[in-house]
Asker: 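If you scroll down you'll find the structure; I have some questions about it.
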Amino acid sequence: MYRDYRDRNVQFFYVYKAVAHPEINNFVAPFNIEERLKHIEIAKEMFQSEMPWICDTMENDVKIRFGNAPNGEFVLDPDGKIVRKRFWSNPTTLRSDLETLVGKSETTTQVADLETTFTPKPRPIASGVVPRIKLPARLVPLALKPKFEKDSPFFAKLRVETTRKEPGSLGRKIYFGVYLDPIYKVHWNNRAGKIKIEIESDDETLKFETVVMTSADIKEDADVDPRQFLINAVVPSGKSFRVKLNYTVCDDAETFCKEMEQEYEVAMIRDDHSGTRPGVFLNEMFFNVREMDKNGDGDLTADELPPPAR
Amino acid sequence: MTFTIAVWVGYCSFGGAQVVGQQGKSQAGPQEFIDQYNEQFEKKEPVIGTVIGDLEAFDENGKKINFNDFRGKYTVLTFGCLT
């Protein structure tokens with residue numbers, strides 16, 4: 001449609017926003033605008049698109065302004081007024097919209113006309129060799145503030161999630177996930193040392209099952225798998241603590257290996273823009289569906305369905 | 001208990017989650033659920049008729065842009081990401 005309408009007073013943009021589901025294809029949430037722009041570079045190569053891109057701010061201003069839909073589609077008129085909007089983009093409906101607003105196009109480009117022959121280059125580093133830990137359902141991502149330092153990219157990124165407080169107690173579980181960011185094309189150097197997380201806090205009311213976590217021994221010299229830790233903790237909502245992360249990475253081109261020590265402030269506040277890992281939203285879906293079965297007989301009848309689904 | 005999972009992806013995917021495996025391209029889920037969601041989405045801000053106005057972002061080269069600069073033409077915006 002871009003090809004059919006770009007000369008008809010219509011401009012098209014992909015809007016790149018916060019990642020919806022970190023972990024898919026190993027992508028994780030960028031920490032700064034440079035990393036988000038790198039995602040756009042990768043997306044351009046993958047989709048081989050000609051359409052220009054808009055990169056949302058790290059405050060997610062565009063995503064918020066347009067209602068937070070993950071795959072939303074909008075048409076603005078020449079005065080900047082929204083004239084069409086939908087929760088999920090739909091090419092057929094969009095073409096119909098443009099025919100109404102601008103007129104029929106002279107050409108009708110089909111998907112088969114597009115040259116999309118992207119073949120991802122396999123990385124020669126082991127993956128899938130570190131077993132994933134079993135995580136509780138309904139983990140909520142927490143707000144992180146990485147401590148940026150000059151010439152110290154976040155080759156690996158921390159993600160922290162928590163369960164809701166257990167009823168009648170302050171206890172909860174906290175998940176620490178350490179993910180290599182594929183935009184840097186680096187891998188763990190398992191011979192140089194383990195991945196280590198240290199928790200620090202001046203608040204004595206915060207209690208952690210352990211304040212030092214180290215990754216298990218791995219047979220492979222190198223891999224790209226995430227490292228995961230799950231601990232019990234007593235940390236009230238709204239409080240914060242510090243995390244120090246130590247790791248060693250080497251680049252895939254074998255030009256450097258670096259020992260990194262990076263710090264984060266973790267706030268016990270939900271981060272609404274860091275997405276949900278696939279394991280979380282699928283669990284959430286199962287919970288939602290199971291909760292609809294009011295009489296617990298394993299079947300969903302029409303009266304148990306919410307109105308939009310009847 | 002057995003559930004027809006595919007039927008519920010569109011409705012139960014909390015927060016409008018994408019189906020696992022999507023890579024930022026639009027894929028229509030079960031159409032009836034998408035239509036229902038669209039109905040509810042149309043009522044949410046910003047509603048049709050809202051003027052977007054002053055809103056800053058970046059182009060793909062990192063240069064600052066403003067949505068006011070798009071005036072004068074129809075503008076199609078499709079949101080997405082790599083995951």
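So that the names make sense, note that chain A is the first sequence line, chain B the second, and so on, each numbered from 1. Everything numeric in this text was worked out from a predicted model, so none of it was measured.
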Asker: In Å and rounded to the nearest 0.5 Å, what is the CG to OG1 distance from A/D77 to B/T75?
Answerer: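 Answer rounded to 0.5 Å: 8.5 Å.
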
Asker: Within a radius of less than 6.0 Å around CD of A/E106, do more than 12 heavy atoms belonging to other residues, nucleotides or ligands occur?
Answerer: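 12 or below, so no.
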
Asker: Write down the atom of A/I54, the atom of B/A57, and the distance for their closest heavy-atom approach.
Answerer: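 Looking at all heavy atoms of both residues, the shortest contact is CG2-CB, 3.7 Å.
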
Asker: Out of B/D59, B/I52, B/V51, return the one with the most heavy atom pairs under 4.5 angstrom to chain A.
Answerer: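 Of the candidates given, the most pairs with chain A belong to B/I52.
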
Asker: Could you tell me which of A/L101, A/D97, A/D61 has the largest number of non-hydrogen atom pairs under 4.5 Å with chain B?
Answerer: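 Most heavy-atom pairs under 4.5 Å with chain B: A/L101.
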
Asker: Could you give the distance from NZ (B/K73) to CG (A/L76), rounded to the nearest 0.5 Å?
Answerer: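 Atom-to-atom, B/K73:NZ and A/L76:CG are 13.5 Å apart.
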
Asker: Is B/E56 close to chain A through its backbone or its side chain, or both, or neither, when contacts mean heavy atoms under 4.5 Å?
Answerer: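 Contact with chain A involves the backbone of B/E56 alone.
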
Asker: Would you check, one step at a time, whether the test ring pair (Phe, Tyr, Trp, His ring centres under 6.0 Å) holds for A/F13 with B/F70?
Answerer: CA-CA 11 Å; A/F13 296 97; B/F70 299 151; 4.6 Å; yes

Asker: Can you give the donor-acceptor pairs under 3.5 Å from side chains of residues 26-35 of chain A to other protein atoms, not counting sequence neighbours?
Answerer:
unit_1	atom_1	unit_2	atom_2	d
A/N32	OD1	A/E34	N	3.3
A/N32	OD1	A/E35	N	2.9
A/E35	OE1	A/F31	N	2.7
A/E35	OE1	A/K157	NZ	3.0
A/E35	OE2	A/K157	NZ	3.0
A/E35	OE2	A/Y184	OH	2.6

Asker: Can you tell me how far apart NZ (A/K85) and CG (B/L77) are? Round to the nearest 0.5 Å.
Answerer: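 Result: 13.0 Å between the selected atoms.
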
Asker: Any side-chain heavy atom of A/V62 sitting closer than 4.5 Å to one from B/F67?
Answerer: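 In contact.
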
Asker: Could I get the full list of ring pair (Phe, Tyr, Trp, His ring centres under 6.0 Å) partners for B/F58, not counting sequence neighbours?
Answerer: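 Residues passing ring pair (Phe, Tyr, Trp, His ring centres under 6.0 Å) with B/F58: none at all.
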
Asker: Does any heavy atom of chain B fall under 4.5 Å from the side chain of A/R84, the backbone, both, or neither of them?
Answerer: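 Contact with chain B is through the backbone of A/R84 alone.
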
Asker: Could you label the plane-to-plane angle of the A/F66 and B/F79 rings as parallel, tilted or perpendicular, counting under 30° as parallel and over 60° as perpendicular?
Answerer: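 Tilted, since the angle between the ring planes falls between 30° and 60°.
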
Asker: Examine distances only and state if a side-chain atom of A/N71 and a backbone atom of B/G80 form a donor-acceptor pair shorter than 3.5 Å.
Answerer: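 No, A/N71 side chain to B/G80 backbone: no donor-acceptor pair under 3.5 Å.
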
Asker: Are any of the side-chain nitrogens in B/E60 or A/K44 under 4.0 Å away from the carboxylate oxygens of its partner?
Answerer: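 Yes, B/E60 and A/K44 are salt-bridged.
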
Asker: What part of A/I40 is in contact with chain B, defined as an atom under 4.5 angstrom from a non-hydrogen atom: side chain, backbone, both or neither?
Answerer: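 Looking at A/I40, just its side chain touches chain B.
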
Asker: Starting from the C-alpha separation in whole Å, work towards a yes-or-no answer on side chain to side chain contact (heavy atoms under 4.5 Å, CB included) for B/Y74 and A/V102.
Answerer: CA-CA 9 Å; B/Y74 281 94; A/V102 179; 3.7 Å; yes

Asker: Report yes if some heavy atom in the side chain of A/I82 is under 4.5 Å from a heavy atom in the side chain of B/V47; otherwise report no.
Answerer: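 Contact flag for A/I82/B/V47 side chains = no.
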
Asker: Any side-chain heavy atom of B/T83 within less than 4.5 Å of one from A/N25?
Answerer: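 In short, these two side chains do not touch, never coming nearer than 4.5 Å.
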
Asker: Determine whether B/T50 and A/R65 make a side-chain contact, defined as any pair of heavy atoms from C-beta on separated by less than 4.5 Å.
Answerer: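 With C-beta onward as the side chain, the pair touches.
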
Asker: Check the pair B/V76, A/V10 against side chain to side chain contact (heavy atoms under 4.5 Å, CB included), reporting the backbone distance first and the verdict last.
Answerer: CA-CA 7 Å; B/V76 175; A/V10 184; 3.9 Å; yes

Asker: Hey, what do you get for OH (A/Y14) to OG1 (B/T78), rounding to the nearest 0.5 Å?
Answerer: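 The OG1 atom of B/T78 is 7.0 Å from OH of A/Y14, to the nearest 0.5 Å.
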
Asker: Quick check on B/I65 against chain A: is it the side chain, the backbone, both or neither that has a heavy atom closer than 4.5 Å?
Answerer: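 The answer is the side chain of B/I65.
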
Asker: Side chain, backbone, both or neither: which part of B/E42 has an atom under 4.5 Å from a heavy atom of chain A?
Answerer: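 Both the backbone and the side chain of B/E42 come within 4.5 Å of chain A.
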
Asker: Considering only heavy atoms from C-beta outward, does the side chain of B/C81 approach that of A/K17 to under 4.5 Å?
Answerer: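 When only atoms from C-beta onward are counted, A/K17 and B/C81 do touch, with a gap below 4.5 Å.
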
Asker: Go through the steps to decide whether B/L82 and A/I42 satisfy the test side chain to side chain contact (heavy atoms under 4.5 Å, CB included), and finish with yes or no.
Answerer: CA-CA 8 Å; B/L82 277 172; A/I42 293 168; 4.0 Å; yes

Asker: Measuring heavy-atom distances to chain B, does A/D79 have an atom under 4.5 Å in its side chain, in its backbone, in both, or in neither?
Answerer: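 Answer is backbone: N, CA, C or O of A/D79 sit under 4.5 Å from chain B.
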
Asker: Heavy-atom pairs under 4.5 Å with chain B: which of A/Y2, A/Y5, A/W53 has the most?
Answerer: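 Of A/Y2, A/Y5, A/W53, A/W53 has the most heavy-atom pairs under 4.5 Å with chain B.
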
